[in-house]
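Note that the structure is predicted; figures quoted are calculated from it, not measured.
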Amino acid sequence: QVQLVESGGGLVQPGGSLRLFCAASGRALHTYVMAWFRQAPGKEREFVAAVTVRGGGTYYADSVKGRFTISRDNAKNTVELSMASLKPEDTAVYYCGARSTWGDIKAASKIQYWGQGTQVTVSS
């Protein structure tokens, strides 16, 4: 079992930056692929970014590529999503997720453990 807790969300103006954090307890994170998803009101949960078990590989949704950076610190059992050049369409609840495999990386159904989410609002 893995428990995930996100933090760092908030209100930011367009063009601004935020850093989201995901802290894990229970089983160590170093055996899991970690990912961030987001869900806007009335929309399905969508893939944002993922990082391999050791942090050497990353993958991003086209909508955030070049603006967001995912990283992990297995020693601290944490995952970070650094977001820059934020746009109003980035507004959503952001969720951290853990999964055992990399295949079909964009599928929310493959996530085995979810955090409770943290709200990000981009508005002037």
Side-chain angles (χ1 to χ4, degrees):
Q1 282 284 345
V2 176
Q3 293 79 43
L4 303 172
V5 178
E6 301 94 336
S7 61
L11 173 64
V12 63
Q13 292 187 343
S17 301
L18 272 179
R19 294 167 67 190
L20 303 184
F21 300 93
C22 175
S25 60
R27 192 172 176 180
L29 276 185
H30 68 267
T31 61
Y32 293 96
V33 172
M34 298 301 298
W36 286 93
F37 284 73
R38 65 187 182 187
Q39 188 166 18
K43 294 188 176 181
E44 293 186 355
R45 193 168 297 191
E46 67 171 358
F47 170 80
V48 175
V51 60
T52 54
V53 170
R54 297 185 179 181
T58 56
Y59 185 71
Y60 298 92
D62 288 342
S63 59
V64 307
K65 200 174 297 182
R67 300 187 298 122
F68 290 11
T69 303
I70 187 172
S71 60
R72 67 189 298 163
D73 186 333
N74 286 341
K76 296 181 179 180
N77 254 11
T78 58
V79 181
E80 179 179 333
L81 184 69
S82 179
M83 307 185 293
S85 302
L86 283 162
K87 306 174 182 179
E89 51 263 44
D90 293 318
T91 296
V93 177
Y94 283 70
Y95 297 90
C96 175
R99 52 180 292 174
S100 297
T101 60
W102 186 264
D104 199 10
I105 192 62
K106 295 183 178 180
S109 60
K110 300 292 186 181
I111 298 293
Q112 295 166 254
Y113 303 102
W114 289 104
Q116 84 290 346
T118 185
Q119 177 70 47
V120 172
T121 302
V122 184
S123 175
S124 55

Atom pair [atom1]/[atom2] of [X] and [Y] - distance to nearest 0.5 Å:
X      : Y      : atom1 : atom2 : result
Met83  : Ile70  : CE    : CD1   : 12.0 Å
Lys106 : Asp104 : NZ    : CG    : 9.5 Å
Leu20  : Tyr95  : CG    : OH    : 13.0 Å
Gln3   : Gln116 : CD    : CD    : 12.0 Å
Cys22  : Trp36  : SG    : CH2   : 5.0 Å
Arg45  : Ser109 : CZ    : OG    : 11.5 Å

#### Entry: Arg67 and Asp90: CA distance, side-chain angles, deciding distance, side chain to side chain contact (heavy atoms under 4.5 Å, CB included) verdict
CA-CA 11 Å; Arg67 300 187 298 122; Asp90 293 318; 2.7 Å; yes
### Query
Would you say the ring centroid of Trp114 lies under 6.0 angstrom from that of Phe37?
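Ring centres of Phe37 and Trp114 closer than 6.0 Å.
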### Query
Are Tyr60 and Phe47 close enough that their ring centers fall under 6.0 Å?
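No - the distance between ring centres of Tyr60 and Phe47 does not fall below the 6.0 Å cut-off.
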Report yes if the side chains of [X] and [Y] come closer than 4.5 Å at any heavy-atom pair, otherwise no.
X      : Y     : answer
Ile105 : Val33 : yes
Thr78  : Phe21 : no
Leu29  : Leu4  : yes

Check: [X] side chain, [Y] main-chain N or O, donor-acceptor pair, under 3.5 Å:
X     : Y      : result
Arg99 : Thr101 : yes
Asn74 : Asn77  : no
Glu6  : Cys96  : yes
Ser82 : Phe68  : no

### Task
Please step through side chain to side chain contact (heavy atoms under 4.5 Å, CB included) for the pair Val12 and Thr121, ending with a clear verdict.
CA-CA 6 Å; Val12 63; Thr121 302; over 6 Å; no
Contact summary for [X] and [Y], nearest pair of heavy atoms:
X     : Y      : result
Met34 : Ala98  : SD-CB, 3.6 Å
Val2  : Ala24  : CG1-CB, 4.2 Å
Leu81 : Tyr94  : CD2-CD2, 4.1 Å
Leu18 : Leu86  : N-CD1, 3.9 Å
Ser17 : Ser85  : OG-N, 4.4 Å
Val93 : Gly117 : CG1-CA, 3.8 Å

### Task
Test side chain to side chain contact (heavy atoms under 4.5 Å, CB included) on Ser100 and Tyr32 and set out the steps.
CA-CA 5 Å; Ser100 297; Tyr32 293 96; 3.9 Å; yes
### Query
Should Trp102 and Val53 be counted in the same cluster of Ile, Leu, Val, Met, Phe, Trp and Tyr side chains packed under 4.5 Å apart?
yes
### Worked verdict on Glu80 versus Arg72 for salt bridge (Lys or Arg N to Asp or Glu O under 4.0 Å)
CA-CA 6 Å; Glu80 179 179 333; Arg72 67 189 298 163; over 6 Å; no
### Task
Start with the C-alpha gap between Ser7 and Thr118, add the side-chain angles, then the distance that decides, and say whether side chain to side chain contact (heavy atoms under 4.5 Å, CB included) holds.
CA-CA 6 Å; Ser7 61; Thr118 185; 5.8 Å; no
### Message
Does atom CD (Glu44) have a neighbourhood of more than 12 heavy atoms from anything else shown, all under 6.0 Å?
### Response
no
### Query
With a 4.0 Å cut-off, would you call Asp62 and Lys65 a salt bridge?
yes
### Task
Verify side-chain hydrogen bond (donor to acceptor under 3.5 Å, both in side chains) between Ser123 and Gln13, making sure each step is shown before the conclusion.
CA-CA 5 Å; Ser123 175; Gln13 292 187 343; over 6 Å; no
